[in-house]
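Data block below; observations after.
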Amino acid sequence: MFCEKVTELIRELQRSSDGQLPAFNEDGLRQVLQEMESLYEQNQTDVNEAKTGRSDLIPSIKLRHCCLLRNQRCITAYLYDRLLRIRALRWEYGSVLPANVRFHMCAEELQWFSQYKKSLASFMRSVGGGDGLDITQDMKPPKSLYIEVRCLKDHGEFEIDDGTVILLKKNSQHFLPRWKCEQLIRQGVLEHVVS
């Protein structure tokens, strides 16, 4: 039946939980494109015959054309939804995505992510004077400027703005400025200790 493969692509996205990026279904996308090519070729043949006076072919031409348009809309929705999820991952994880997330992306999506993070970095440098402004920090308004954090893995030396160098070793606890360690919390290096 027409449009079943593209409907499965959309259902696949719908089944994944919010914020999760399912693996790019290149095979499913290829099958939909092949179906579209086949529908287009059948329409071309029938249109040529309809020009000779066979008006009984017009309903089937219209049906195939509607299926082509539906497949096109669904593929666009599939790709656009994936890009929105990838963009949200940039805000959640920062400029370095975990390997398990990158594994689910195709080469073009990785290239798009790279361009997006460059554009975002360029914008952040242009805002807020000479130093720029990191708009990815403080996604939720902070209750205090300093928080207690526990180091989940060895990270090495970490310098804060006043020049103090802190050694982040596994299971060590520190009282640090929220904005300096928020990125490390998202990357899984630190965890916020709630008292």
Side-chain angles (χ1 to χ4, degrees), residues 1-127 132-137 139-140 183 185-188:
M1 197 63 197
F2 298 132
C3 303
E4 284 183 11
K5 293 176 180 84
V6 77
T7 305
E8 184 56 36
L9 283 177
I10 299 297
R11 283 192 188 120
E12 179 183 301
L13 276 180
Q14 210 172 24
R15 281 190 293 261
S16 66
S17 60
D18 288 337
Q20 295 296 320
L21 186 68
F24 185 77
N25 192 342
E26 188 174 349
D27 188 47
L29 197 61
R30 186 178 300 112
Q31 289 174 2
V32 172
L33 292 174
Q34 287 171 349
E35 176 185 326
M36 289 176 70
E37 186 178 349
S38 171
L39 288 171
Y40 181 77
E41 289 170 358
Q42 289 172 2
N43 263 5
Q44 287 296 82
T45 305
D46 285 355
V47 164
N48 290 334
E49 285 188 35
K51 286 180 182 177
T52 63
R54 288 199 55 198
S55 61
D56 60 318
L57 296 174
I58 292 176
S60 62
I61 292 171
K62 287 183 178 181
L63 173 68
R64 285 191 293 266
H65 184 70
C66 287
C67 290
L68 278 168
L69 293 176
R70 179 183 169 88
N71 280 350
Q72 182 182 7
R73 284 192 313 269
C74 289
I75 285 176
T76 303
Y78 176 78
L79 295 172
Y80 184 68
D81 186 78
R82 288 186 61 84
L83 287 183
L84 290 178
R85 291 176 190 220
I86 292 168
R87 184 177 69 181
L89 290 172
R90 165 58 180 97
W91 289 83
E92 182 179 341
Y93 290 111
S95 61
V96 180
L97 291 176
N100 63 334
V101 174
R102 278 186 279 125
F103 179 73
H104 291 280
M105 296 166 65
C106 69
E108 290 80 9
E109 289 174 331
L110 288 169
Q111 182 181 5
W112 185 88
F113 178 78
S114 176
Q115 289 293 349
Y116 179 72
K117 74 179 183 183
K118 286 178 185 174
S119 296
L120 185 61
S122 174
F123 173 74
M124 289 189 298
R125 278 192 305 273
S126 70
V127 175
L133 177 67
D134 189 357
I135 59 176
T136 62
Q137 296 294 325
M139 298 305 289
K140 297 177 186 171
Q183 190 75 25
I185 291 172
R186 280 193 241 135
Q187 290 175 358

Side chains of [X] and [Y], heavy atoms from C-beta outward: is any pair under 4.5 Å?
X: N43; Y: L39; answer: no
X: D81; Y: I10; answer: no
X: V6; Y: E35; answer: no
X: L63; Y: F2; answer: yes

Give a yes or no on whether a salt bridge exists between E4 and R11, defined as a side-chain N under 4.0 angstrom from a carboxylate O.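 Salt bridge: no.
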How long is the span from the [atom1] atom in [X] to the [atom2] atom in [Y], to the nearest 0.5 Å?
X: Y116; Y: E109; atom1: OH; atom2: CD; result: 15.0 Å
X: L9; Y: C3; atom1: CG; atom2: SG; result: 11.5 Å
X: Q111; Y: M105; atom1: CD; atom2: CE; result: 11.0 Å
X: L33; Y: E26; atom1: CG; atom2: CD; result: 10.5 Å
X: L97; Y: I86; atom1: CG; atom2: CD1; result: 8.5 Å
X: T7; Y: K5; atom1: OG1; atom2: NZ; result: 10.5 Å

Using every non-hydrogen atom in the two residues, find where [X] and [Y] come nearest and quote the distance to one decimal.
X: R82; Y: L13; value: CG-CD2, 4.0 Å
X: F24; Y: C106; value: CD2-CB, 3.7 Å
X: L57; Y: A50; value: CD1-N, 4.3 Å
X: Y93; Y: R186; value: CD2-O, 3.9 Å
X: Q183; Y: S95; value: NE2-N, 4.1 Å
X: N25; Y: E12; value: ND2-OE1, 2.9 Å

Problem set entry | Results of side chain to side chain donor-acceptor pair (under 3.5 Å) for D27 - residues two or more places apart only |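 Q31.
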Main chain of [Y], side chain of [X]: is a donor-acceptor contact present, judged purely on distance under 3.5 Å?
X: R90; Y: K117; value: no
X: T76; Y: Q72; value: yes
X: N48; Y: Q44; value: yes
X: S114; Y: L110; value: no

Between L120 and W91, is the side-chain contact (heavy atoms from CB on, under 4.5 Å) condition met? List the steps. CA-CA 10 Å; L120 185 61; W91 289 83; 3.9 Å; yes
Test salt bridge (Lys or Arg N to Asp or Glu O under 4.0 Å) applied to E49 - qualifying residues, sequence neighbours left out: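 E49: salt bridge (Lys or Arg N to Asp or Glu O under 4.0 Å) contacts with R54.
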| said: Quick check on R70: does its CZ atom have over 12 non-hydrogen neighbours (other residues, nucleotides or ligands) under 6.0 Å away? | reply: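 Atom CZ in R70 is not packed in, count stays at 12 or less.
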**Request:** Starting from the C-alpha separation in whole Å, work towards a yes-or-no answer on salt bridge (Lys or Arg N to Asp or Glu O under 4.0 Å) for R85 and E92.
**Result:** CA-CA 10 Å; R85 291 176 190 220; E92 182 179 341; over 6 Å; no
Item to check | Residue pairs passing the salt bridge (Lys or Arg N to Asp or Glu O under 4.0 Å) test where at least one lies in residues 58-68, sequence neighbours excluded | outcome: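 Those involving residues 58-68 are D46-R64.
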